[in-house]
There are 2 protein chains.
Amino acid sequence: MVRRARSGQVGVVDLARELGVSTATVSRALNDSRAVRPELAERIRAHAHERGYVPNRLARALSASVSRAFVGFVVPYVDTPAYSAVAAECARLLSAGGTQMILTITENDPERELRQLRELTASRVAGLVISPSTHMLPESRELLASIPVVELHRASGITAPGVFSDDERVLDEAVGHLAGLGHRAIAYLGTPEALSNGAARLQGVRHAMGAAGLDPDAMAVHLAEPTPGNGRRGVDALLDARPAPTALLVVGGALSIGTAQRVRERGLRLPDDLSLVVYGDPVWFALSDPPLTTIRVSYSEHARRAAEMLTDLLGEDPDARPAPGPHLVVPELRVAGSTGPPRHG
Amino acid sequence: MVRRARSGQVGVVDLARELGVSTATVSRALNDSRAVRPELAERIRAHAHERGYVPNRLARALSASVSRAFVGFVVPYVDTPAYSAVAAECARLLSAGGTQMILTITENDPERELRQLRELTASRVAGLVISPSTHMLPESRELLASIPVVELHRASGITAPGVFSDDERVLDEAVGHLAGLGHRAIAYLGTPEALSNGAARLQGVRHAMGAAGLDPDAMAVHLAEPTPGNGRRGVDALLDARPAPTALLVVGGALSIGTAQRVRERGLRLPDDLSLVVYGDPVWFALSDPPLTTIRVSYSEHARRAAEMLTDLLGEDPDARPAPGPHLVVPELRVAGSTGPPRHG
DNA sequence: TTGAAAGCGCTAACAT
DNA sequence: ATGTTAGCGCTTTCAA
C-alpha cells in the first residue's frame, strides 16, 4: 500500500534508519531505558534533538501500557476564582511533568458530567481532578472508581483523596464573632446539603450557633447552588423575611459575589443596616466599602495540593500516594468593616 | 504474541465480530459514512450503543487523516477574567462538537510557549486559540503557520483571524470624558508596546489626547506587563511623579485590578484626590466605593466569537471560514463615581 | 455496499 | 545490549 502523505515530521523510524539502529533502541534511548549503552543512548538523543524530533503523544499514549500524556480537569464552572485559579495552577504544575490538562465544564449537569467522563477515559487520561456535580450519576461514580482521581472542593462519596476547605472550624469563629458583637438574628446563606461542602457547612454553622448560645433552629437558612445569581436571590429571600436578620453569613464563593452585589444594590449600609460575612478569595472583598469581613480561602493552596496529589497518585512510588479521604486546607477569618454591633441590639 | 491485557472495553473488532461484519463497516457506520446500507448502519449503531461502546479518541486521532479530537488553548495566565471566562466558554462550546480542549499556561514566557506549542502539535491538535506571549519566538510563529489558529486579545503578526477589543475608539471617549471634566494632567497606565494591544492602546490614547486639545507628549505614561502587581507598581510610579496627575486612565484588565487595590491602599478619595478610569469586566468595579468608571469589555462575547471562529475554521465549509485579521469587539465606557472635576482644577 | 489488510507512530514482548 | 516483530484501536485504501 502507498504510504500516506508523510507529515514531514521525523519519527522513530527515521531516526533509526539514519543512525543504523532499530526503532526499539531509539525508543529505549528516548525513554531513558537503562538497557541501552549510555554512549549510544546519548548519540541517539543528540541526533533526535538535532533533527527536531517531537514524539507523537497520541501514538505514544496508545501504544504504551501506561501513559501520563493527559489528565482531565472536570469542574462545574471555571469563571469563578475557586475554579479558574486552581485550573491555571494545575495546568502549570502538570505541564512540568509533560502532562497536558484537558479542561471540561459540566455546568453542574450530571448527564453532561457523565458524557465528559466517558470522553475523558476515551482519551485515556491518566487520572483526573474533579469537582463533582451536585447529583452525580451512579455510572459516573463507577467510572471514577476505575481511574486515579483527586476531588476538589466537593466530595462525591467515592474512595479518593480530595482537597477541601476546612470550613467547620472557621465557622465557629465567624459565628462567635457575630454573636460576640451582639447578633442574635443571624441568617445563613450557603450551598445545598446535597453538596458535600453544603452539608458540612450547614452542620458547622448550626454547631457554631449552639456553641455561641444561640438556637440553631431559629436561624434563617437559605441554600442554593453556588452561582452569583443565586447569591442575589438568597439575599432577597433572607432579608425580606420577618423578623429581618441583623447579620448575614454567606458561605460559598460564588454566592458571596452575588451577595455583595445585591447588598449594595439594596442600598444597605454596612455594618449599620446589616453585618455581613462573605466567603472566598477575591481581592476585591477588601476594596468594597467598607471592606468585607471575609472567610478567606486560599485557592492557590488548594491548587497546589490538588496538583501535587494527582502527580503523586500517578507517580511510581506507592509510598508517595496520598491517602483517600479529605485533605483539608484551613481558611481564615478576616474581620473587616462589614461587621459590627446590631443597630437595634 | 499474547494479547495484552484487554481493557475490558469493547472495541470495533468486538462489535464487528458480534455482528458478523467487518471492522471497516463498523467504522463506516459509526462515522456516518453514506457507504453503508442505512439499515445495517442503524443496526451497528444500535448495537454499539447497547454495548456501551466508546471509541478510543487516541486511536481515532492517530489513525484518521483529519481529526477534531483536540484543540489547544494557550494563554499567558488564566486566573484573570480576561482568560478564565474565555477558557470556560470555549471549553463548553467546543465540547458540544466532541472536541476536547487542552489548556496550557505560558506565563508569558516565550520559551515555555514554544515548548507547549510543540507538545500540542505532538498531540495532533486540530487547531488552537492563542493569546501570544509578549516576545513570541520565530519558531513559534512558524509552527503557528502550519495549523488553524485563532488569536485572542493579542496579535502576534501571523496570518490568522483574531478576536480583539476595539480599544482605540472607546479611548477617545474616555479621554474626552476626562478632558471634559477639566483634567489636563492625565496619566496613562497600559500594556507594553511590544504587545499588539499595548501599541494600539497607546496610539489610541495619544490620538485621543490630541483630539481633546491636550498635548500627548506631556502625558505621563507607564507601561507594564498586565499583572495586578504591575498595576500596583504603576500607580506608585505615576502618582509619585511631580507634577502629580489629576486623572489616571488604566487600560488593561489585570493592571486595573492592581490599580484599584493600590489606590485604595494609598487612601485616595475618588474622585476628589484622583479621577480613575479602569478597564475590564469584573462586576466588582461597580461595588467599589465609589463605583469605578470603567471601560467595559465583554469577555463572554470574546469567548463566543473565538470558539465560533475556531469551529468554523475547522469545519468542512470553506465559505464559513473566518477571514484572517482582527475581528473586533466593541467595549463600552461606563461612567460612574470615580471620575469628576479635578480638585485643583 | 462490503471486506481484507495496510497502516497511523510508537512501545514492549520475545529472541538473540 | 540490541533487533525483530506484534500489537495499541482505529480509519482508509484497494479490491471485490
Side-chain angles (χ1 to χ4, degrees), chain A residues 1-17 19-44 48 51 53-70 98 119 121-124 126, chain B residues 1-17 19-44 48 51 53-70 98 119 121-124 126:
Chain A
M1 181 203 266
V2 181
R3 221 166 169 25
R4 283 187 219 173
R6 283 302 309 271
S7 52
Q9 297 267 22
V10 297
V12 281
V13 288
D14 301 291
L15 299 179
R17 185 171 20 77
L19 290 169
V21 298
S22 75
T23 61
T25 303
V26 172
S27 176
R28 289 188 188 107
L30 262 23
N31 289 288
D32 296 311
S33 161
R34 306 172 315 154
V36 189
R37 194 156 32 92
E39 69 169 58
L40 209 209
E42 192 40 60
R43 199 152 60 87
I44 293 174
R51 297 282 280 112
Y53 169 73
V54 183
N56 183 322
R57 301 177 65 107
L58 264 33
R60 215 209 263 273
L62 181 61
S63 171
S65 47
V66 47
S67 154
R68 242 151 276 164
F70 302 108
E119 290 297 331
T121 60
S123 291
R124 296 295 184 263
Chain B
M1 183 203 266
V2 181
R3 221 167 169 28
R4 285 186 217 170
R6 284 302 310 270
S7 52
Q9 297 266 22
V10 295
V12 281
V13 287
D14 301 290
L15 299 178
R17 185 173 18 77
L19 290 169
V21 298
S22 75
T23 60
T25 303
V26 172
S27 175
R28 290 189 187 106
L30 262 23
N31 290 289
D32 298 310
S33 160
R34 308 171 313 152
V36 188
R37 194 158 29 95
E39 69 168 58
L40 210 208
E42 192 40 60
R43 198 152 61 85
I44 292 174
R51 297 282 280 111
Y53 170 74
V54 183
N56 183 322
R57 300 177 66 104
L58 263 33
R60 215 209 263 272
L62 180 61
S63 170
S65 47
V66 47
S67 154
R68 241 151 277 163
F70 302 108
E119 289 298 330
T121 60
S123 290
R124 296 295 185 266

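In what follows, chains are A, B, ... by sequence order, proteins preceding strands, each numbered from 1. Just so it is clear, the model here is predicted, and its values are computed rather than measured.
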Of all the choices, [options], which nucleotide is nearest to the side chain of [X] once you look at every atom?
{"X": "B/Leu62", "options": "D/dT5, D/dA1, D/dG9", "result": "D/dG9"}
{"X": "A/Val12", "options": "D/dC10, C/dC10, C/dT1", "result": "C/dC10"}
{"X": "A/Thr25", "options": "C/dG9, D/dG9, D/dG3", "result": "D/dG3"}
{"X": "B/Ala24", "options": "C/dG3, C/dA12, C/dC10", "result": "C/dG3"}

Can you tell me the distance, in whole Å, between the [atom1] atom of [X] and the [atom2] atom of [N]?
{"X": "A/Arg17", "N": "C/dG9", "atom1": "CZ", "atom2": "C1'", "result": "14 Å"}
{"X": "A/Arg57", "N": "D/dC8", "atom1": "CZ", "atom2": "P", "result": "22 Å"}
{"X": "A/Leu58", "N": "D/dG9", "atom1": "CG", "atom2": "P", "result": "14 Å"}
{"X": "A/Leu30", "N": "C/dC10", "atom1": "CG", "atom2": "P", "result": "9 Å"}
{"X": "B/Arg60", "N": "D/dT12", "atom1": "CZ", "atom2": "C1'", "result": "14 Å"}
{"X": "B/Asp32", "N": "D/dT11", "atom1": "CG", "atom2": "P", "result": "11 Å"}
{"X": "A/Glu42", "N": "D/dA1", "atom1": "CD", "atom2": "C1'", "result": "17 Å"}
{"X": "A/Gln9", "N": "C/dG9", "atom1": "CD", "atom2": "P", "result": "9 Å"}

**OP:** Select from B/Pro55 and B/Arg28 the residue whose nearest nucleotide in DNA chain D is closer to the 5' end of that strand.
**Re:** B/Pro55
Original post:
Does B/Thr23 make a side-chain donor-acceptor contact with the base of C/dG3, cut-off 3.5 Å?
Top reply: no
Please confirm whether the shortest side-chain N or O distance from [X] to OP1 or OP2 of [N] is below 4.0 Å.
{"X": "B/Arg37", "N": "C/dT1", "answer": "no"}
{"X": "A/Ser65", "N": "C/dA12", "answer": "yes"}
{"X": "A/Asn31", "N": "C/dT11", "answer": "yes"}
{"X": "A/Ser22", "N": "D/dG3", "answer": "yes"}

Distance check, rounded to the nearest 0.5 Å: [X] atom [atom1] versus [Y] atom [atom2]?
{"X": "A/Ser33", "Y": "A/Asn31", "atom1": "OG", "atom2": "CG", "answer": "8.0 Å"}
{"X": "A/Thr121", "Y": "B/Asn56", "atom1": "OG1", "atom2": "CG", "answer": "9.0 Å"}
{"X": "B/Thr25", "Y": "B/Leu15", "atom1": "OG1", "atom2": "CG", "answer": "12.0 Å"}

Original post:
Which residue lies toward the 5' end of DNA chain C, B/Val36 or B/Ala59, if each is placed at its nearest nucleotide?
Top reply: B/Val36
Subject >> Rounded (10°) bend between the five-pair end axes of the helix from C/dT1-D/dA16 to C/dT16-D/dA1 >> reply: 40°
Subject >> Residue pair B/Val26 / B/Val21: nearest heavy atoms and the distance that separates them >> reply: CG2-CG2, 3.7 Å
Subject >> B/Gln9 versus B/Asp14, closest heavy-atom pair with distance >> reply: O-OD2, 4.0 Å
Subject >> Under 3.5 Å donor-acceptor, A/Arg57 side chain and A/Ala69 backbone >> reply: yes
**OP:** Using a 4.0 Å heavy-atom cut-off across all strands, classify B/Ser27 as base, sugar-phosphate, or nothing.
**Re:** base
Original post:
Under 4.0 angstrom, heavy atoms only, what part of the nucleic acid is A/Leu40 near: base, sugar-phosphate, or nothing?
Top reply: sugar-phosphate
Subject >> Non-hydrogen side-chain atoms of A/Arg124 and A/Leu62 separated by less than 4.5 Å >> reply: no
Could you list the donor-acceptor pairs under 3.5 angstrom formed by side chains in residues 36-43 of chain A, with sequence neighbours left out?
{"from": "A/Arg37", "atom 1": "NH1", "to": "A/Glu39", "atom 2": "OE2", "distance (Å)": "3.1"}

